[in-house]
Amino acid sequence: MSAQQEIIIIGAGAAGLIAAKDLSTQHNVTILEARPQAGGRTTTLYPAPGIHIETGAEFIHGELPITLSLLQEAGIPYHPINEEMALAENGELKQEESWIEDWDNLIEHMGKAAETTTMQQLLDQYYPADQYAELRDHVQGYVEGYDLADLNKVSVKYLYDEWTLEQGTNFRIENGYTALINYLGKGCTIITNQTVQIISWEPGKVTVTTQDRTYTAHKVLVTVPINILQNESIQFSLALPAYTAAARQIGWGTVIKFNLLFKQAFWKRDIGFVLSDEEVPVWWTQSEDSLILTGWLGGPHAAGPQSDLLAKALNSLSKIFNVTNIADLLEQSFIHNWSTEQAIHGGYSYGMPGSEKAKAVLTTPVADTIYFAGEALYTGDSPGTVEAALHSGKEITIKIKSPQ
Ligand SMILES: Cc1cc2nc3c(=O)[nH]c(=O)nc-3n(C[C@H](O)[C@H](O)[C@H](O)COP(=O)(O)OP(=O)(O)OC[C@H]3O[C@@H](n4cnc5c(N)ncnc54)[C@H](O)[C@@H]3O)c2cc1C
């Protein structure tokens with residue numbers, strides 16, 4: 001193992017923080033973060049005592065080993081969620097049953113598709129006719145809503161792996177994900193409001209320039225969202241075209257998340273998840289006694305600045321729950337359009353044909369000096385999650401500690 005080195009980590013999200021926690025035992029680590037606080041896409045708000053709002057990540061999607069072991073290590077409580085699903089139709093909620101014909105047949109075709117096939121190509125090949133309109137709509141809703149993906153870009157293989165995986169129980173963290181972020185960040189040097197613009201480098205030496213300062217170190221670990229690399233928002237003095245090209249082979253989707261706090265509940269308590277055809281199509285309750293309804297609009301429809309989001313959300317809810325005076329019942333709203341969030345500009349990644357190879361490029365260190373990590377570079381069973389970010393952050397520290 002090499003002597004103590006100066007390491008700069010760019011980005012104080014889950015990936016950057018877990019890497020910092022791990023590397024700080026042996027090295028001198030500084031995290032530079034563009035936003036005013038750590039957390040990135042994992043940021044909880046605490047607007048009033050007893051109320052917390054997850055602006056980004058909210059669930060632990062299964063028995064995920066790194067996330068759960070960190071929570072246990074930190075003594076942070078978490079609990080299973082109500083996973084019931086209902087379908088909203090004409091002001092009524094129907095429990096999920098066998099909604100969609102041909103689903104099993106679709107999954108079978110997906111399992112046999114070539115690595116290069118996109119979901120749109122598969123639908124066009126096997127389900128072109130009007131009789132499949134419902135199936136096509138359902139697939140589109142799921143791909144856009146859950147995976148935040150574009151049908152024309154997302155790889156069938158990626159969706160197949162995700163849709164056929166048994167997830168197990170899902171959980172929420174008692175006081176929100178920020179509890180975990182605070183645990184990871186304890187003792188780390190995090191300098192906020194520092195947007196990295198340029199990385200000047202030669203093997204074994206980096207100079208990182210933000211809007212108003214420069215920092216030097218032996219190595220740099222870049223954990224920014226993948227679109228920051230796709231757009232070359234950070235410049236490298238010696239360009240890394242293969243890395244930029246690889247970043248562009250990874251899908252990047254976006255989402256608007258609504259948390260509406262009401263004065264009283266007009267819904268049957270703790271209904272789990274409701275799926276609808278409304279403008280803001282997906283909603284869920286937080287718990288038995290919470291007065292918050294959380295809404296979700298994902299995929300291409302959520303891109304860019306948007307107007308009247310609160311009105312769209314209330315209108316959707318009033319139709320789903322058949323309630324007329326809904327605006328009068330609203331106490332406070334928290335709406336996060338992630339495509340316009342500072343230094344993030346999106347939700348999470350998804351797999352396109354070519355993404356797996358791209359991830360292999362991006363996780364290869366550059367001259368034992370520049371390293372990349374983050375949710376989008378993960379290749380396991382929980383893509384697009386905090387677990388993915390944590391896993392990627394941990395993996396890269398092994399490479400940093402053992403130069404090739
Ligand atoms: C609305 C929403 C809901 C989600 N729900 C869930 C969920 O329920 N469960 C789940 O597991 N996951 C969920 N996710 C995904 C999860 O939040 C992410 O996968 C994870 O937080 C990514 O962590 P990261 O460290 O890779 O990236 P980030 O958290 O994005 O961290 C990267 C950091 O880099 C900083 N940065 C960017 N550019 C610069 C720069 N130039 N200079 C300095 N700093 C820079 C950013 O500000 C950011 O803080 C959700 C995401 C969103 C947006």
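Whatever order the structure lists ligands and atoms in, that order sets their numbers, starting from 1.
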Minimum non-hydrogen distance to [atom], winning option of [options]:
atom                    : options                      : answer
atom 19 (O) of ligand 1 : Gln342, Gln37, Glu375        : Glu375
atom 49 (O) of ligand 1 : Arg172, His336, Arg35, Glu33 : Glu33
atom 31 (O) of ligand 1 : Gly253, Ala19, Gly13         : Gly13

Ligand 1 atoms in contact with [X] (distance to a heavy atom under 4.0 Å):
X      : answer
Glu58  : 5 (N), 6 (C), 7 (C), 8 (O)
Thr195 : 41 (N), 42 (N)
Gly39  : 29 (O)
Tyr177 : 11 (O)
Gln194 : 42 (N), 43 (C)
Thr42  : 17 (O), 21 (O)
Gly40  : 29 (O), 48 (C), 49 (O)
Gly374 : 26 (O)

Should the ring pair Trp103 and Trp163 be called parallel, tilted or perpendicular, given that the plane angle runs from 0 to 90° and is split at 30 and 60?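 Plane angle under 30°, so parallel.
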
Look at [atom] and say which protein heavy atom is nearest, naming residue and atom and giving the distance to 0.1 Å.
atom                    : result
atom 40 (C) of ligand 1 : Val196 N, 3.6 Å
atom 17 (O) of ligand 1 : Arg41 O, 3.2 Å
atom 15 (C) of ligand 1 : Gly384 O, 3.2 Å

So that I can tick it off, tell me whether [Y] and [X] are bridged by a salt bridge, with the cut-off set at under 4.0 angstrom between side-chain N and carboxylate O.
X      : Y      : value
Arg136 : Asp102 : no
Glu108 : Lys112 : yes
Asp22  : Lys401 : yes
Arg248 : Glu232 : yes

Flag for [Y]-[X]: side-chain donor and acceptor within less than 3.5 Å:
X      : Y      : result
Glu356 : Tyr158 : no
Asn337 : Glu341 : no
Glu375 : Thr385 : no

Between Tyr183 and Lys21, is there a cation-pi geometry (under 6.0 Å to ring centre, at most 45° from the normal)?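 Yes.
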
May I ask whether Ser233 places a heavy atom under 4.0 Å from ligand 1? no

Could you check whether any heavy atom of Ala388 sits closer than 4.0 Å to an atom of ligand 1, since that is the contact criterion I want to use?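 False for this residue.
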
Ring centroid separation for Phe59 and Phe273, is it under 6.0 angstrom?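 That pair passes the under 6.0 Å test.
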
